[in-house]
2 protein chains.
Amino acid sequence: MPDMPDSHDSAVRRAQDLLFFAYRDFTNAADVLLEELGLGRAHHRALHFIGRRPGMTVTELLGILRITKQSLARVLGDLVTLGHVAQTPGGADRRQRLLRLTPQGAELEQRLFDRQKARLAPAFAQAGPDAFAGFEATMRAIMDPATRDMLDATPETGDRHVG
Amino acid sequence: MPDMPDSHDSAVRRAQDLLFFAYRDFTNAADVLLEELGLGRAHHRALHFIGRRPGMTVTELLGILRITKQSLARVLGDLVTLGHVAQTPGGADRRQRLLRLTPQGAELEQRLFDRQKARLAPAFAQAGPDAFAGFEATMRAIMDPATRDMLDATPETGDRHVG
DNA sequence: GATAATAGGTCAGTATTATTGACTCATCGG
DNA sequence: CCGATGAGTCAATAATACTGACCTATTATC
């Protein structure tokens, strides 16, 4: 009886609300700073993932953001023009343009990160480590298996790209 | 030393990833159906919250979605024209247009809900009840306090708006 | 009862983020 | 050599959002 509400429906509906509001308020945390700089959330997402996986290719970034080449072109062009992102030819495959943050881009990303950290860190401290573990397990279970695999295959260098 | 990376930074960065990917794949679940119907995610969000809080006012919906009147006008106009949403004058305040789903709108919302349920319910079952509790506690802690209060003040009638 | 404030709607113009489709160029791999 | 891939680009369009101004109906206040 797939169309009949069962005892799990209310948990799923509650989760829909949680996902919407937490994501809304989370993304909002960096908006003020972005607006001051004349950048949008798309720029922030690109900065975040390039900082998280320095040396990634354009194709990888397209796959993460799930947008088209044309959409990324504008955002990436802005960031390169502003001196936040540098592109270097790939060593093994010289067609590739490996993406990384410039020192200036890393500093900007850090400032944006601090805004979201100011929201997330107290939340995790308040909820406690067990809650965070449950949060992580649940969020991972929500993802596509392919997304999960990609995350697991990613080395965690993002918190050291400044040094 | 607010600009110095500490031991919590990696957890915050991991959480940024979790929020982005889980939200991306979660919202994606309903996209195929929405495209068939010629509707967008904005329409889905409106349907969801109207179904969740039948009788809500336009101002309340604007506050939840955090968009402007003009942005909502298009979406709400579409839904009313298509017969998915009905507006009735408020009893106490006749300036208000109380929003509710028509039977047809409830049926559409249910179909969209089923897509997301197909993704969320197995995820919660796999993660387990303790993980879900941690997920809920953490997501609530991420929100603005005002958002949390609003959620707590909302009667949970959304899973019964069909009957 | 006049008046201010609110709920909602609407018009005109613009910005951001995204799309599709076609095309070029350089490079890689068999 | 030649097909496939990585990346960039041009042109046109769509979805979602914005600002600012203005209007009506109704409620609340002085």
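Within every chain, numbering begins at 1; the chains are lettered A, B, ... in the order of the sequence lines, protein sequences first and strands thereafter.
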Under 3.5 Å donor-acceptor, [X] side chain and [Y] backbone:
X: Thr57(A); Y: Gln96(A); answer: no
X: Arg148(B); Y: Arg140(B); answer: yes
X: Asp93(B); Y: Arg95(B); answer: yes
X: Gln116(A); Y: Phe26(A); answer: yes
X: Arg24(A); Y: Ile64(B); answer: yes

Practice prompt. For DNA chain C, note the earliest and the latest nucleotide, 5' to 3', having some atom under 4.0 Å of a heavy atom belonging to chain A.
Written response: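 Contacts span dT17(C) to dC28(C), reading 5' to 3'.
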
Discussion item. Evaluate Arg53(A) against Glu60(A) for salt bridge (Lys or Arg N to Asp or Glu O under 4.0 Å), listing each step before the verdict.
Written reply: CA-CA 10 Å; Arg53(A) 307 180 75 172; Glu60(A) 284 169 345; 5.1 Å; no

Discussion item. Can a side-chain donor-acceptor contact be found between His48(A) and Asp17(B) if the only test is distance below 3.5 angstrom?
Written reply: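 Per modelled atom types, Asp17(B) and His48(A) side chains form a pair under 3.5 Å.
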
Discussion item. Less than 4.0 angstrom from a charged side-chain N to a carboxylate O is my criterion; do Asp31(B) and Arg115(B) meet it?
Written reply: no

Discussion item. Please determine whether a side-chain nitrogen of the Lys or Arg among Glu109(B) and Arg13(A) lies less than 4.0 Å from a carboxylate oxygen of the Asp or Glu.
Written reply: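 A salt bridge links Glu109(B) with Arg13(A).
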
Discussion item. So if I take residues 28-39 of chain A and measure heavy-atom distances to DNA chain D, which residues fall below 4.0 Å?
Written reply: none

Worksheet entry | Nucleic acid contacts - residues 67-98 of chain B versus DNA chain D, non-hydrogen atoms under 4.0 Å | Ile67(B), Thr68(B), Gln70(B), Ser71(B), Arg74(B), Ala92(B), Asp93(B), Arg94(B), Arg95(B)

Worksheet item: Is the shortest side-chain N/O distance from Thr59(A) to OP1 or OP2 of dA7(D) below 4.0 Å?
Response: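 Checking Thr59(A) against dA7(D): at least one side-chain N or O falls below 4.0 Å of OP1 or OP2.
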
Discussion item. Need to verify one output field. Residue with the more 5' nearest nucleotide on DNA chain C, Glu60(B) or Gly40(A)?
Written reply: Glu60(B)

Worksheet item: When the distance from CG of Leu61(A) to C1' of dG6(D) is rounded to whole Å, what number comes out?
Response: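 Spelled out: CG on Leu61(A) to C1' on dG6(D) is 14 Å.
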
Worksheet item: Out of curiosity, Leu79(A) CG to His43(A) NE2, how far, rounded to the nearest 0.5 Å?
Response: 5.5 Å

